[in-house]
A.B. asks: 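Quick one: structure below, then a few questions.
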Amino acid sequence: MRYLFDNCMLDTARRELRRDNGLVAVEPQVFDLLEFLIRTRDRVVSRDDLLAAVWRGRIVSEATLSSRVNAARSAIGDSGADQRLIRTLPRKGVRFVGAVQEIGAAASDAPASGIAAPTAEARLPSLAVLPFVNLSGDPEQDYFADGMAMEIITALTRSSGLFVIARNSSWLLMGSGVMGHITRPEL
């Protein structure tokens, strides 16, 4: 799904945010927060809603929550003072208030109007980080295995010389036959 708003495009399939035809680097949690706010733009979302959707129920500090909301605002060209797109309602929650146009998955291969398709990134060396296998037998360790792969992805995205495939896209490659003989690395 692609969401067009203001001068931005959020592509959930590619996990990309574009602003003014340029790719904006955002942390995975910031991307997830922005996507959740846009999907639930018809209502105010509470702190508990954000924790359940973005942090999957894990407890995080108010400072962490505030910093991710501020990072999302910054990524889309908004600010805490203006609140043109993301509005904070004291003691109630947060709401995405910008006008959004949705473009379905069928049209996601074609460039959206006014948004250039990626060109420079396509010429960079591409890298996909595959998920680790939890061999401990303890399902609680699945979060650790996934977290390790996410940390590697996040660190690699800081390199301007690499095009790092988004987690959702690279993890879908597992078991699809596209990867050939490659198996999941063991943790």
Side-chain angles (χ1 to χ4, degrees), residues 1-108 112-115 129 131 139-140 142-151 153-155 157-158 164-172:
M1 177 71 70
R2 288 183 176 178
Y3 298 101
L4 301 175
F5 55 95
D6 201 37
N7 58 345
C8 299
M9 177 188 69
L10 186 78
D11 187 335
T12 60
R14 293 183 177 167
R15 290 192 60 85
E16 292 179 343
L17 174 64
R18 294 186 169 275
R19 188 171 94 200
D20 296 326
N21 292 332
L23 189 62
V24 179
V26 292
E27 295 177 2
Q29 282 180 340
V30 173
F31 186 92
D32 293 343
L33 180 125
L34 194 54
E35 179 186 2
F36 180 69
L37 289 176
I38 291 171
R39 278 190 295 109
T40 58
R41 64 188 175 275
D42 59 329
R43 64 184 178 92
V44 176
V45 295
S46 69
R47 178 186 191 283
D48 292 338
D49 294 335
L50 289 173
L51 291 176
V54 178
W55 284 271
R56 290 164 185 64
R58 285 177 269 158
I59 304 299
V60 296
S61 68
E62 288 293 327
T64 299
L65 188 59
S66 294
S67 74
R68 296 309 186 275
V69 170
N70 288 335
R73 281 187 175 123
S74 177
I76 61 175
D78 198 2
S79 70
D82 294 339
Q83 297 190 14
R84 299 178 300 108
L85 300 171
I86 299 175
R87 184 161 299 145
T88 300
L89 298 132
R91 291 182 286 287
K92 298 291 181 197
V94 185
R95 181 171 176 221
F96 190 89
V97 294
V100 177
Q101 177 187 358
E102 293 182 18
I103 298 177
S108 67
S113 60
I115 305 292
V129 177
E140 292 291 319
D142 287 341
Y143 291 109
F144 179 73
D146 291 345
M148 292 275 301
M150 287 302 301
E151 286 295 320
I153 290 170
T154 302
T157 59
R158 294 186 181 114
V164 182
I165 307 297
R167 175 188 68 107
N168 288 349
S169 299
S170 64
W171 292 12
L172 285 175

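For reference, positions follow the sequence shown, starting with 1.
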A.B. asks: Would you compute the distance between atom CG of Leu50 and atom OG1 of Thr40 and round it to the nearest 0.5 angstrom?
C.D. replies: 7.5 Å

A.B. asks: Could you pull out the closest heavy-atom pair between Ala149 and Pro131, with the gap in Å?
C.D. replies: CB-CA, 4.3 Å

A.B. asks: Supply the atom-to-atom distance Met150 CE to Glu27 CD, rounded to the nearest 0.5 angstrom.
C.D. replies: 10.0 Å

A.B. asks: Could you tell me the separation between the CD atom of Glu151 and the CG atom of Asp146, rounded to the nearest 0.5 Å?
C.D. replies: 12.0 Å

A.B. asks: Determine, step by step, whether Asp11 and Arg18 satisfy the side chain to side chain contact (heavy atoms under 4.5 Å, CB included) criterion, reporting the C-alpha distance in whole Å, the side-chain angles of both residues, the deciding distance to 0.1 Å, and the verdict.
C.D. replies: CA-CA 8 Å; Asp11 187 335; Arg18 294 186 169 275; over 6 Å; no

A.B. asks: Give the minimum heavy-atom separation between Ser74 and Arg19, together with the two atoms involved.
C.D. replies: O-NH1, 3.0 Å

A.B. asks: If you look at every heavy atom in Ile86 and Asp78, which pair is closest and at what distance?
C.D. replies: N-OD2, 2.9 Å

A.B. asks: How close do Ile38 and Phe5 get, counting heavy atoms only, and between which atoms?
C.D. replies: CD1-CE2, 3.5 Å

A.B. asks: Side-chain contact, heavy-atom cut-off 4.5 Å: Asp32 with Arg15?
C.D. replies: yes

A.B. asks: Locate the shortest heavy-atom distance separating Val100 from Tyr3; write the atom from each residue and the value.
C.D. replies: CG1-CD2, 3.8 Å

A.B. asks: Do Arg68 and Val54 make a side-chain contact, defined as non-hydrogen atoms from C-beta onward lying under 4.5 Å apart?
C.D. replies: no

A.B. asks: Go through the steps to decide whether Asp49 and Ser46 satisfy the test side chain to side chain donor-acceptor pair (under 3.5 Å), and finish with yes or no.
C.D. replies: CA-CA 5 Å; Asp49 294 335; Ser46 69; 3.3 Å; yes

A.B. asks: If you round to the nearest 0.5 Å, how far is CG of Leu17 from CG of Leu34?
C.D. replies: 6.0 Å

A.B. asks: Taking atom CH2 of Trp55 and atom CG of Asp48, what is their separation to the nearest 0.5 Å?
C.D. replies: 12.0 Å

A.B. asks: Without placing hydrogens or testing angles, list every side-chain donor-acceptor pair under 3.5 Å for residues 88-99, not counting sequence neighbours.
C.D. replies:
from, atom 1, to, atom 2, distance (Å)
Thr88, OG1, Arg73, NH2, 2.6
Arg95, NE, Arg41, O, 2.8
Arg95, NH2, Arg41, O, 3.2

A.B. asks: Could you tell me whether the side chain of Leu10 reaches within less than 4.5 Å of the side chain of Glu35, counting heavy atoms only?
C.D. replies: yes

A.B. asks: Identify the heavy atoms of Ile103 and Met1 that sit nearest to each other, and give their distance.
C.D. replies: O-SD, 3.3 Å

